[in-house]
Amino acid sequence: MEHDERRVRPIGINPMSPIGQAVGGPSTEPLVYVDGEFVPQHEAKISVFDHGLLYGDGVFEGIRAYNRRIFKLERHVERMFRSAHAIQIEIPHTREEFAGLIKEACRRNAITNGYLRPVVTRGPGDLGLDPRKCKQGPSIIIITVSWDTLYEKELYERGLRLVTAAVRRVPPQSLSPSIKSMNYLNQILARIQGNESGADEVLMLDMQGYVSEASADNVFIVREGKVLTPPTSTNLPGVTRETVLELCAELGYPAQEQLFTLFEVYTADECFITGTAAEIGPVSVVDGRKIGDGRPGKTTTHLMKKYKELVTTTGTPIYE
Ligand code: PMP
């Protein structure tokens with residue numbers, strides 16, 4: 001039989017649209033905003049002395065555009081400014097100006113549906129890690145790509161397979177998970193383990209053994225009619241997580257923040273992850289244990305539908 005790559009390739013992250021590769025965007029080279037200028041992608045550069053590169057000293061956001069609108073733009077900009085403030089980076093713009101720059105980056109790249117990546121680093125310094133040496137001030141980068149989905153459609157229908165990482169989520173005593181910093185090694189170590197076992201995402205536990213979050217997503221379970229997610233003391237306060245909690249209130253699903261263990265995940269009726277890129281991803285298997293009947297649950301499916309409606313009908317217009 002002839003080798004048919006489409007048939008033998010396991011489903012998973014959509015290979016046609018990894019984040020960063022344009023799907024059906026403008027045919028001209030994308031423009032990237034770097035330090036006050038829009039430049040063609042291949043010319044977009046920052047210094048090798050930038051402390052973002054040398055030390056992961058900086059913050060970033062991941063934002064989506066749907067139907068010529070940016071979803072929850074203000075919430076993402078707010079989180080970015082709070083992250084920057086917490087590490088004493090002063091962004092030389094107001095929140096409104098920064099949101100305006102993100103919109104402008106979308107306009108310059110004719111974004112209809114896309115993924116947007118603002119990054120603010122400490123800026124160039126010397127080889128010492130002292131932030132006071134970065135006298136030039138922060139580097140500001142905004143990358144936009146035309147993009148539509150993280151996982152293949154089939155995966156949203158079948159459900160994601162998760163494994164639990166051996167490494168624990170870095171505790172808030174060491175680094176606040178509310179700071180969306182440029183240092184993701186903790187999550188990357190978890191993801192490497194997930195890749196080794198062919199998982200779609202990786203669950204991470206906190207230092208006490210409670211479920212914290214996934215490598216780039218928040219986690220929810222549904223048990224006995226209640227929608228539960230861990231408090232954000234050990235995980236990133238996700239914009240999608242916040243949106244799902246609002247949707248639950250609107251739709252009349254009792255929802256609360258609560259610590260839970262892997263036992264509660266394994267024996268949950270439903271489980272799902274949330275994130276700007278993944279949106280709401282139903283989870284069908286965790287560490288080889290089937291969740292519920294092993295298919296996306298009723299509450300999850302309802303929330304997925306409502307979330308889709310929300311992202312495609314609300315948001316900050318790009319072209320007005
Ligand atoms: N946790 C981590 C560690 C993340 O990187 C992300 C993605 N930003 C999330 C959770 C989900 O956050 P959001 O819904 O704001 O994308």
Side-chain angles (χ1 to χ4, degrees), residues 151 155-173 176-178 186-187 189-191 193-194 196-275 278-307:
Y151 298 113
L155 211 52
Y156 288 98
E157 289 160 7
R158 182 200 80 185
L160 305 162
R161 280 194 264 260
L162 269 51
V163 291
T164 304
V167 288
R168 299 291 172 95
R169 190 75 181 85
V170 167
Q173 289 87 342
S176 169
S178 295
N186 182 219
Q187 293 93 323
L189 285 175
R191 191 63 81 85
Q193 189 195 334
E196 291 299 323
S197 36
D200 304 306
E201 238 290 27
V202 199
L203 263 192
M204 300 185 76
L205 306 180
D206 68 18
M207 294 304 285
Q208 273 66 50
Y210 293 110
V211 173
S212 169
E213 62 178 334
S215 70
D217 299 285
N218 292 109
V219 183
F220 285 75
I221 55 173
V222 184
R223 282 178 74 85
E224 294 164 357
K226 277 200 189 126
V227 179
L228 307 173
T229 190
T232 56
S233 42
T234 66
N235 55 63
L236 182 77
V239 174
T240 321
R241 173 189 184 278
E242 177 181 295
T243 307
V244 164
L245 289 173
E246 285 164 10
L247 275 177
C248 285
E250 228 173 82
L251 300 170
Y253 292 118
Q256 66 193 55
E257 296 185 325
Q258 190 179 299
L259 290 173
F260 52 81
T261 63
L262 274 179
F263 175 82
E264 274 124 5
V265 176
Y266 296 158
T267 58
D269 302 316
E270 302 179 33
C271 177
F272 59 90
I273 56 166
T274 65
E279 302 175 319
I280 299 177
V283 174
S284 51
V285 176
V286 177
D287 298 334
R289 278 77 159 183
K290 212 158 66 168
I291 307 302
D293 64 2
R295 292 148 54 93
K298 250 177 66 187
T299 313
T300 308
T301 313
H302 191 198
L303 286 168
M304 286 166 74
K305 183 167 167 275
K306 291 290 173 185
Y307 184 78

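Heavy atoms only: backbone and side chains are in, while hydrogens, waters and symmetry mates are out.
Here the CD1 atom belonging to Ile221 is positioned 12.0 Å from the OG1 atom belonging to Thr299, to the nearest 0.5 angstrom. Considering CD of Glu279 and CD1 of Ile273, their distance stands at 11.0 Å, rounded to 0.5 Å. In this structure, the separation between CG on Leu162 and CE on Met204 is 12.0 Å, given to the nearest 0.5 Å. Note: Asp217 CG to Leu160 CG = 8.5 Å, rounded to the nearest 0.5 Å. Put simply, SG on Cys271 and CG on Leu203 are 6.5 Å apart, with the number rounded to the nearest 0.5 Å. Taking OG1 from Thr274 and CG from Leu247, the interatomic distance works out to 11.0 Å, rounded to the nearest 0.5 Å.
For residues 222-251, no pair satisfies ring-ring contact (aromatic ring centres under 6.0 Å, His included), with sequence neighbours left out. The salt bridge (Lys or Arg N to Asp or Glu O under 4.0 Å) contacts involving residues 238-258 comprise Lys72-Glu246, Arg75-Glu242, Arg241-Glu257, where partners must be two or more places apart or lie in separate chains. Within the structure, ring-ring contact (aromatic ring centres under 6.0 Å, His included) pairs that include any residue of residues 205-259 comprise Phe220-Phe272, Tyr253-His302 (at least two apart or interchain).
Between Glu201 and Arg191 a salt bridge is recorded (basic side-chain N to carboxylate O distance below 4.0 Å). One finds no salt bridge joining Asp287 and Arg161 here, because no Lys/Arg side-chain nitrogen approaches an Asp/Glu carboxylate oxygen to under 4.0 Å.
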- Could you give me the CA-CA distance, side-chain angles and deciding distance for Thr261 and Val211, then say whether side chain to side chain contact (heavy atoms under 4.5 Å, CB included) is met? CA-CA 5 Å; Thr261 63; Val211 173; 5.7 Å; no
- Message: Is there a side chain to side chain donor-acceptor pair (under 3.5 Å) between Asn235 and Arg169? Walk through the geometry before answering.
- Response: CA-CA 8 Å; Asn235 55 63; Arg169 190 75 181 85; over 6 Å; no
- Applying side chain to side chain contact (heavy atoms under 4.5 Å, CB included), run through Val202 and Thr164 and close with a yes or a no. CA-CA 6 Å; Val202 199; Thr164 304; over 6 Å; no
- Task: Tell me, with the steps shown, if Thr229 and Val219 meet side chain to side chain contact (heavy atoms under 4.5 Å, CB included).
- Result: CA-CA 6 Å; Thr229 190; Val219 183; 5.5 Å; no
- Message: Run the side chain to side chain donor-acceptor pair (under 3.5 Å) test on Ser212 and Thr234 for me, step by step, so that the C-alpha distance in whole Å, both residues' side-chain angles and the decisive distance to 0.1 Å come before the verdict.
- Response: CA-CA 6 Å; Ser212 169; Thr234 66; 3.2 Å; yes
- Applying side chain to side chain contact (heavy atoms under 4.5 Å, CB included), run through Lys298 and Thr301 and close with a yes or a no. CA-CA 5 Å; Lys298 250 177 66 187; Thr301 313; 5.8 Å; no
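A distance-only check finds a donor-acceptor pair linking the side chain of Glu270 to the backbone of Thr300 [under 3.5 Å]. Judged purely by atom type and a 3.5 angstrom limit, Asp269 uses its side chain to pair as donor or acceptor with the backbone of Glu224. Between the Ser197 side chain and the Ala199 main chain, no donor and acceptor come within less than 3.5 Å of each other.
What you find for Phe260 and Leu228 is that their closest heavy atoms are CE2-O, 3.8 Å. Across all non-hydrogen atoms, the minimal contact from Ala166 to Gln193 is N-OE1, 2.6 Å. Nearest approach of Ser233 to Pro177, heavy atoms of both residues: O-CG, 3.4 Å. In plain terms, the two heavy atoms of Asp200 and Gly159 that are nearest each other are OD2-O, 4.5 Å. Minimum heavy-atom separation, Ala278 to Tyr151: CB-CE1, 3.8 Å.
Shown here are the side-chain hydrogen bond (donor to acceptor under 3.5 Å, both in side chains) partners of Ser284, two or more places apart in sequence or in another chain: there are none. Remark: Thr267 pairs with Arg223 by the side-chain hydrogen bond (donor to acceptor under 3.5 Å, both in side chains) rule, at least two apart or across chains. For the side-chain hydrogen bond (donor to acceptor under 3.5 Å, both in side chains) test, no residue two or more places apart in sequence or in another chain qualifies with Thr243.
Using a 4.5 Å heavy-atom threshold, the side chains of Cys248 and Leu303 count as touching.
Within 6.0 Å of CZ on Arg168 lie more than 12 heavy atoms contributed by other residues, nucleotides or ligands.
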